[in-house]
Structure formats: structure tokens, C-alpha cells
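These notes are about the structure you will find just below.
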Amino acid sequence: SMTRDTIVSAPANTVVSRVIDRMPVILPDELWIKWLDPEAHVEVLQAMLQPYPPEVMEAYPVTRKLNQKGFDGPECIERVVPEQGDLGIL
């Protein structure tokens, strides 16, 4: 059997908008059952498509190796000290 996945996006919140204008919708655990309900009304689902609350997010610099195709590992989320001349967007 084939699995299909979709990333649903919304306008970026104030944390993410410093980098890009869209962000994935992040549903809180308590909404998962409603989201997966095949009987859910479209209006109920659309109301869930909101930017994640910025007050529960954190942004910090990470390695530039993330720009390399196939790069994966725990270093992806480790905080780094920006090098002199790097963009000061975070």
C-alpha cells in the first residue's frame, strides 16, 4: 500500500516571518482526533488552519550544513554561534 502525506501551510507567525512568509500548520494534540474525523465539516477543519502560537516557539541559529542535500543528524537542531557577517535575522 502507498502512503500519502501532505504539508498544509498557513501564514507565518511572528517567529517564522523573520525568515519566510509561510509555515506548516502545527496542530495541538487535542485537535488530532477532530482533524482525522472523516465526518468533520469543512468549516471546522478550516478553523484549525492557524499559525502556531509564537509564544511557545523559539528561533535560534543552526548549522549551515542544513543547506546540503541529504544532511541529517542531531546537529540539525544544535544551536550554533553565528559567524561574523552572517545575517542577523534570528
Side-chain angles (χ1 to χ4, degrees):
S1 79
M2 184 173 14
T3 301
R4 297 183 188 264
D5 299 307
T6 301
I7 296 177
V8 179
S9 66
N13 64 21
T14 55
V15 173
V16 177
S17 66
R18 294 182 291 180
V19 179
I20 196 165
D21 64 348
R22 306 285 299 164
M23 67 181 292
V25 170
I26 303 171
L27 291 178
D29 294 354
E30 62 270 13
L31 293 181
W32 291 5
I33 296 296
K34 290 180 183 180
W35 179 259
L36 296 172
D37 180 359
E39 304 295 319
H41 294 283
V42 172
E43 298 80 17
V44 172
L45 299 173
Q46 286 176 332
M48 295 181 200
L49 303 179
Q50 301 295 319
Y52 201 68
E55 61 274 7
V56 295
M57 294 181 75
E58 178 183 9
Y60 54 86
V62 294
T63 179
R64 289 179 173 266
K65 292 179 184 175
L66 282 173
N67 294 326
Q68 298 173 6
K69 183 179 178 184
F71 181 77
D72 192 16
E75 317 87 280
C76 291
I77 61 171
E78 291 177 359
R79 185 182 304 258
V80 298
V81 176
E83 297 175 22
Q84 185 175 1
D86 279 351
L87 294 175
I89 57 177
L90 301 177

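All values derive from a computational prediction rather than experimental measurement.
Nearest heavy-atom pair, Asp5 versus Thr3, reported as atom, atom and distance to 0.1 Å: OD1-CG2, 4.0 Å. Considering all non-hydrogen atoms of both residues, Ala10 and Pro51 come closest at CB-N, 4.2 Å.
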Return all side-chain donor-acceptor pairs below 3.5 angstrom for residues 23-50, not counting sequence neighbours, or 'none' if the list is empty.
{"unit_1": "Trp32", "atom_1": "NE1", "unit_2": "Leu27", "atom_2": "O", "d": "3.0"}
{"unit_1": "Asp37", "atom_1": "OD1", "unit_2": "Glu39", "atom_2": "N", "d": "2.8"}

Report all side-chain donor-acceptor pairs from residues 68-81 shorter than 3.5 Å, counting only partners two or more places apart or in another chain.
{"unit_1": "Arg79", "atom_1": "NH2", "unit_2": "Glu58", "atom_2": "OE2", "d": "2.6"}

